[in-house]
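What follows is a single structure, written as structure tokens, with notes after it.
The structure presented is a predicted model; accordingly, all values stated were derived computationally and were not measured. Each ligand, and each atom within it, is numbered from 1 in the order the structure gives.
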Amino acid sequence: MSARFLILCSLILTLFSCTKPQVELLSPSIIPAPQSLQVNPGHFTINKETTLSNHDDFTASYNFLNNFLEHATDRTWETKYSDNNAIVLEYDSTITSKEGYHIVSTDRNITIKASTDAGAFYAVQSLKQLMPVDIAHRTEIHIPAVTIKDEPRFKYRGMHLDVSRHMYDVDFIKKYIDAMAMLKMNNFHWHLTDDQGWRIEIKKYPKLQEIAAYRDSTLLGHYNDTPHQYDGKKYGGYYTQEEVREVIAFAKARHINVIPEIEMPGHAQAAIAAYPELGCTGENVQVAMKWGVFEDIYCPSEETFTFLENVLDEVMELFPSKYIHIGGDEAPKTQWKSSPIAQQVIKENGLKDEFELQSYFIQRMEKYLNSKGRQIIGWDEILEGGLAPNATVMSWRGTKGAIEAAKAGHDVIMTPTSHAYFDYYQSENENEPLAIGGFLPLEKVYNFNPIPKELSDEEAIHVLGVQGNIWTEYMTTSKQVEYMAFPRMLPMSEVAWSADENKNYDSFINRVEYFHKRLDAMDINYANHLYEIDGTLNENQAYELSTKTIGKEIRFTTDGSEPTATSTLYESPIPFTADMTLKAQVFNDDEPLGRLFSQEFLYHKGVGATISINKEPHKSYSGSGAAALINGIKGSDSRYGDREWLGFWGEDIEIEIEFETEIEVKEIELRFYHAPGQWIYAPKKYYLRTESLKGTINISEINHLEPLENVAISNNSIKRIKLELDKKEEINIIRKIKIQIPNYGIIPDGSQGAGNKAWTFIDEIIIN
Ligand code: TNX
């Protein structure tokens, strides 16, 4: 038997034996992984006579299942009481988890037990995944005999979608919600307003529809490309209240709550374009045509509060959600500083500064929403200047905000950029469609640990759950949203639902491979990076290649040529002892899969030296540690979250490299990532010090304390700094190099992240 056949047999459970398949059964590959799943001998067969029994009032689940089965089998299904050849929905009060369920399938029937409709609904989702994808028009569908007991890890399992930067039709919103339901997600965070467009009909304010919903033009290319260029086309639209109701009803039938976000006090330029009196300057502004953070924010006047209360009244009328998201992020305080109205409010209310004014603003809106029985959610900036008493914090700038809020007894939802921003790149491949930046591959999402270790068990109870965010600056079509959301929504669903002890990336990846067929059947334009090759340098200076799915071969070349089905088969790590270009490709028999892998190796003088850094890199951007800076491998020119780049947030760093013996060094090249849009700045200056060993004991020291000239060439947002050493023997015959890199400092006004500390990202230090 060939290896491939064996693998096939392990994937497909057959009734009798591998060699004589009678009934092909799918090996259960449910995503998110259930609490416990046991495969038993036997199977259940859905045939012409199978019935559906809704013993109790599991309306949404029953309707969903009935629709699905009728569609799959091309017949109407009789609903009657029977426990033979039936799919039975049954109430079971012993299932204490409100969203939990049991499924027992045998030769005789399938029983779904739950204590709520939500639990039964999630059972139905699992049951669907026990069936093969291509079941349409089959007369028989076979389902393996299993016992599943399941319940979620977190009660908040969310996905966000920004419809302001780009907008998608109602059919797509439903498709997105449908996919969320399949993955047992239960909160859809609908980001409806922002600087670039107001997308929800508010009847009391018609200019929100006429003016705020449209922008005159849109930025072309990336924000970091200069000079900025525009397409000159009017863009926009909004969801009518009727459409909003339709979306909410559709989501409700899938046990998904829809949380509207109405941004305040910042990200409000579109509303101010429609009603300039809501701003502090009274001047006319345009709906924003590019991305970023804008200074036109709501003025804290009575007029603004009345406007926002009226808007929220209509929002609450539409959305039954307990939570209303009021934004609170990225609100520059410049205009408040010079506004008499804002300063008056500060004075009258005894506030210390504009941060306390923001807090006053949010607390006032919270009071209003609380009085109507609703709760607010805000981005973590709402912590600044004092947290509103009942607010839930959505932590996006790392986890600091979440820790502070949970310690103060507030609920938090975890959406850190490092693990939850699906607008970031998911592959290092240069051919990826344009994205905002960053690097968030599938595995990193999967390894997201939502409970910060700084929290005690008691405090951790405040972590309600997790959410993936889709900011759509660079997603002009719904197909592009799908590409960024899938498959990353899959690992996020497992982070949200599955018990930590059941998580296993290899098992997950094998389930994803089959899941692609489900996504195909749903016409979802997912990104397929499963057959990409991953490379790491091991301690023996040899390069290891791997690919995530089982049963595939990797073939490679080291002379720069493209690998073919007859190139060298990868069997053991490839030694790295000279400059080389490694190219590798995954093959399934003779068929190449996925994309070509290519890696340059620079065998410079730093390779093999000892390195230390006085500060730990930030835990979300720690690459493969300090050693990554002298391993001969440069970081990606377009993604800073890979294994080679190290990120430090606001810290001055000092790097020390020590060679085994004295060597001659002529130049040192440093590489810094420079992407102001993501708060990443190359430092303004550097200091270099070399130490040489005179004889055997004396260490002579040469200080270059003045900043060395920046001979950088800005290249694809990488700043390269070449430090040429004086050609004097005591300078370039050296034992040790020390490089001091002061952080850029605070991000200046008018830039993304203004007022926050800048990041420093550094990768290979090339020593020649
Ligand atoms: C920050 S996350 C934002 C958004 C941008 C996003 C891009 C947050 C609260 N604000 O306005 O779209 O970064 O990644």
Could you check whether the rings of [X] and [Y] sit parallel, tilted or perpendicular, using 30° and 60° as the cut-offs?
X      : Y      : value
Phe307 : Tyr275 : tilted
Tyr474 : Trp291 : perpendicular
Trp379 : His160 : perpendicular

Identity and separation of the nearest protein heavy atom to [atom]:
atom                    : answer
atom 9 (C) of ligand 1  : Asp329 OD2, 3.0 Å
atom 2 (S) of ligand 1  : Tyr421 OH, 2.5 Å
atom 12 (O) of ligand 1 : Glu473 OE2, 2.6 Å
atom 3 (C) of ligand 1  : Glu330 OE1, 3.4 Å

salt_bridge([X], [Y]) N-O dist < 4.0 Å:
X      : Y      : value
Lys407 : Glu404 : no
Lys234 : Asp216 : no
Arg488 : Glu494 : no

Pick whichever of Trp471, Tyr474, Tyr424 has a heavy atom sitting closest to atom 4 (C) of ligand 1.
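Ranked by closest heavy atom to atom 4 (C) of ligand 1, first place is Trp471.
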Does Tyr621 have Lys444 sitting over its ring (NZ/CZ under 6.0 Å from centre, angle to axis within 45°)?
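Because its charged atom sits under 6.0 Å from the ring centre and within 45° of the axis, Lys444 does stack over Tyr621.
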Pi-cation contact, Tyr323 with Arg374 (under 6.0 Å, within 45°):
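Arg374 over Tyr323 ring: no.
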Arg165 heavy atom under 4.0 Å from ligand 1
yes
Out of curiosity, is Glu381 lining ligand 1, as in a heavy atom under 4.0 Å away?
no
With heavy atoms under 4.0 Å as the rule, classify the contact between Ile436 and ligand 1 as side chain, backbone, both or neither.
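For Ile436, the contact with ligand 1 is made by the side chain alone.
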Identify, by atom number and element, the atoms of ligand 1 in contact range of [X], meaning under 4.0 Å from any of its heavy atoms.
X      : value
Trp379 : 9 (C)
His267 : 11 (O)
Asp423 : 7 (C), 14 (O)

